Amino acid sequence: MSIEDDGFVIRSLESEPGTIQVGGELDAHAANKLDDLVDQLLASGVTNLVMDIGGLTFIDSSGLRSLIRARKRLGDQPNAVVLRDPQAGTLRLLEITGLTEQFPVV
Amino acid sequence: MSIEDDGFVIRSLESEPGTIQVGGELDAHAANKLDDLVDQLLASGVTNLVMDIGGLTFIDSSGLRSLIRARKRLGDQPNAVVLRDPQAGTLRLLEITGLTEQFPVV
Amino acid sequence: MPDEVALQFPAAFEYIRLARLVASGLAAQVNFTLDDIEDLRIAVDELCSALVEAAADRSSTVTATFRIEDHQIHMEADVPTTAANGSYVIDDISSHILRAAVDRHELEQNADRLVARMSKQCLTVN
Amino acid sequence: MPDEVALQFPAAFEYIRLARLVASGLAAQVNFTLDDIEDLRIAVDELCSALVEAAADRSSTVTATFRIEDHQIHMEADVPTTAANGSYVIDDISSHILRAAVDRHELEQNADRLVARMSKQCLTVN
Ligand SMILES: Nc1ncnc2c1ncn2[C@@H]1O[C@H](COP(=O)(O)OP(=O)(O)O)[C@@H](O)[C@H]1O
Ligand SMILES: Nc1ncnc2c1ncn2[C@@H]1O[C@H](COP(=O)(O)OP(=O)(O)O)[C@@H](O)[C@H]1O
């Protein structure tokens with residue numbers, strides 16, 4: 001599944017179930033779409049999520065809340081939601097908001 | 001001399017007197033700066049202008065008027081103002097406005 | 001009522017790029033093609049430049065309102081100015097560009113303001 | 001009076017990127033550094049998102065006004081909404097981001113509208 005827009009792309013990889021590629025700008029509008037995709041994957045039985053965010057150019061508190069929401073739905077286990085390839089801006093935002101511990105980087 | 005901005009860059013090349021590099025967006029704001037630079041070069045005795053516009057990403061009627069103005073100041077001779085490396089968008093605009101003949105491409 | 005987005009800026013040429021930015025941002029959001037976005041950017045630029053040119057000075061405010069309906073984008077923009085300042089006419093060069101870029105455009109001098117309008121039917125990608 | 005630029009858009013999340021675009025376009029024009037522009041983009045985004053969240057529905061209009069004075073950029077944004085809709089509070093996450101990104105920010109519920117304000121001192125390049 002893939003949701004695209006001029007501003008962002010959110011795509012679940014067929015080849016790696018549970019991996020979601022998120023690129024572009026993850027603001028409130030895009031975060032709503034991400035929530036929908038996460039719910040679909042959870043309904044299909046996925047128990048861990050890998051967020052492949054190397055292509056993320058912007059993320060705000062709505063984007064972070066969307067990650068927290070996904071983690072909660074997966075029972076808040078330590079590796080419920082892991083981040084692949086986060087860029088400096090994203091790492092800084094996690095740091096500022098005290099969320100670094102909750103989202104291991106792989 | 002070089003006038004820069006987030007939107008455009010206008011630069012006269014020391015190594016090639018009479019050559020002006022114009023990059024970015026040549027709108028009315030930038031065209032005013034280009035007029036100033038052209039006047040300086042003319043005052044310094046330049047008799048032909050080469051507009052190196054390979055890096056132009058946008059040009060409007062103000063930009064075209066600035067080229068026409070430069071040509072007039074140089075006595076409207078056929079090679080008064082020549083264009084170096086114009087991109088497709090610029091060529092299309094010259095075509096639409098019937099100015100192709102006035103600005104030879106080198 | 002369809003959504004409207006409006007930008008207000010001082011009647012000075014350095015702000016016209018913001019009008020181009022908003023127009024192209026809006027058009028990209030509804031997936032108009034790059035060619036249509038490029039045409040839109042230049043038409044918005046030509047009309048807003050005409051308004052800035054016609055304004056008494058930079059303390060006047062240009063208001064540009066964009067509206068998307070189906071596959072059409074409309075802009076209506078204005079600036080306070082009276083015909084006494086000389087009724088504004090678009091020159092041939094700008095006219096040729098506008099005719100090539102959009103389906104309809106006009107400038108209308110009202111009692112106290114100059115109004116520019118344009119509409120363009122656009123294609124979408126995806 | 002310093003120049004002001006204002007953007008009006010429907011209270012819907014898909015338009016917030018236009019507010020980011022205008023803020024960064026304006027800041028780039030006065031040569032603010034990329035770091036400052038990035039901070040500004042996120043602060044504008046956080047505050048405008050709060051206003052959209054607080055609005056009754058997308059028929060409400062958000063107005064964001066930007067002003068640059070010396071090396072400071074200010075935004076004042078508002079949306080019509082009453083405290084009866086629940087007075088809006090910025091959560092911890094957004095609060096942390098705003099404190100890191102800008103020098104001052106506030107949300108103020110008036111009788112008929114929620115107002116957001118922010119100011120940031122910026123460095124320039126060149
Ligand atoms: N010159 C104009 N610029 C922008 N919008 C316009 C203009 N003229 C009309 N509109 C708007 O465009 C829509 C279609 O108008 P209409 O006159 O039926 O256009 P047409 O018949 O050429 O497609 C209407 O919503 C109207 O408000
Ligand atoms: N929260 C705010 N957001 C945006 N602009 C503001 C805010 N508070 C004040 N201003 C504007 O900023 C300028 C400086 O205000 P001032 O209260 O003297 O700030 P400070 O003393 O913190 O530098 C004034 O022009 C004022 O209108």
Side-chain angles (χ1 to χ4, degrees), chain A residues 2-10 22-39 51 53-73 76 81 83 86-103, chain D residues 9-25 27-28 33-55 57-58 60 62 64 75 77 79 88-103 105 107 116 118:
Chain A
S2 169
I3 307 165
E4 226 168 310
D5 181 276
D6 171 59
F8 65 88
V9 53
I10 295 172
V22 190
E25 307 196 320
L26 187 56
D27 63 4
H29 180 57
N32 283 333
K33 314 282 182 183
L34 179 57
D35 290 348
D36 294 345
L37 181 56
V38 164
D39 290 349
M51 298 288 181
I53 56 174
L56 210 60
T57 56
F58 178 82
I59 175 168
D60 66 5
S61 67
S62 313
L64 295 176
R65 266 181 240 111
S66 185
L67 298 181
I68 294 170
R69 176 183 177 280
R71 192 176 191 272
K72 285 225 175 84
R73 304 256 152 139
D76 265 330
V81 176
L83 307 180
Q87 305 298 299
T90 307
L91 292 174
R92 185 171 158 251
L93 209 67
L94 289 169
E95 192 71 44
I96 287 169
T97 53
L99 293 168
T100 306
E101 304 293 296
Q102 295 191 39
F103 300 100
Chain D
F9 56 90
F13 292 119
E14 67 260 38
Y15 290 107
I16 289 177
R17 50 202 299 264
L18 294 182
R20 295 196 301 269
L21 262 184
V22 169
S24 58
T33 64
L34 290 182
D35 275 356
D36 281 340
I37 293 176
E38 205 40 55
D39 282 348
L40 186 64
R41 268 161 55 82
I42 198 161
V44 165
D45 171 277
E46 293 293 331
L47 292 171
C48 290
S49 298
L51 297 184
V52 168
E53 189 72 54
D57 61 50
R58 60 186 290 139
S60 305
V62 177
M75 179 187 76
V79 74
Y88 193 83
V89 196
I90 288 185
D91 76 1
D92 273 359
I93 298 181
S94 192
S95 223
H96 279 125
I97 295 174
L98 283 162
R99 273 201 295 269
V102 291
D103 301 321
H105 70 273
L107 271 191
M118 54 133 273

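All chains are named by letter (A, B, ...) in the order of the sequence lines, taking the proteins before the strands, and each is independently numbered beginning at 1. The structure displayed is predicted, hence computed values, not measured ones.
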*Check D/Asp103, D/Leu47, D/Leu98 against D/Met118 for a side chain to side chain contact (heavy atoms under 4.5 Å, CB included) and give me the one that passes.*
D/Leu47

*Of D/Glu53, D/Arg17, D/Arg20, D/Met75, the residue whose pairing with D/Cys48 passes side chain to side chain contact (heavy atoms under 4.5 Å, CB included)*: D/Met75

*So which residues of residues 62-70 of chain A are in contact with chain D at a heavy-atom cut-off of under 4.5 Å?*
A/Leu64, A/Arg65, A/Ile68

*asked:* Please classify the contact of A/Leu93 with chain D as side chain, backbone, both or neither, using a heavy-atom distance under 4.5 Å.
replied: side chain

_Euclidean distance, A/Leu83 CG relative to A/Met51 CE, rounded to 0.5 Å_ = 8.0 Å

*Nearest 0.5 Å please: distance from the NE2 atom of D/His96 over to the OG atom of A/Ser61.*
12.5 Å

*Sort by residue number and list every member of residues 35-43 of chain D having a non-hydrogen atom under 4.5 Å from chain A.*
D/Glu38, D/Asp39, D/Arg41, D/Ile42

*Around atom CG of D/Leu34, are there more than 12 heavy atoms of other residues, nucleotides or ligands at under 6.0 Å?*
no

*Any chance CD of A/Gln87 has more than 12 other-residue heavy atoms, nucleotides or ligands included, within less than 6.0 Å?*
yes

*By a 4.5 Å heavy-atom criterion (distance strictly below it), what part of D/Asp91 contacts chain A: side chain, backbone, both, or neither?*
side chain

_With a 4.5 angstrom heavy-atom cut-off, is it the side chain or the backbone of D/Ser49 that approaches chain A, or both, or neither?_
side chain

*Among all residues two or more places apart in sequence or in another chain, which pass the side chain to side chain donor-acceptor pair (under 3.5 Å) test with D/Arg58?*
C/Asp3, D/Glu14

_Among residues at least two apart in sequence or on other chains, which ones pass side chain to side chain donor-acceptor pair (under 3.5 Å) with A/Asp76?_
A/Arg71

*Measure up the D/Tyr15 and D/Phe9 rings against each other and bin them: parallel (under 30°), tilted (30 to 60°), perpendicular (over 60°).*
tilted

_Heavy-atom closest pair, residues D/Leu107 and D/Ala50_ = CD1-CB, 4.2 Å

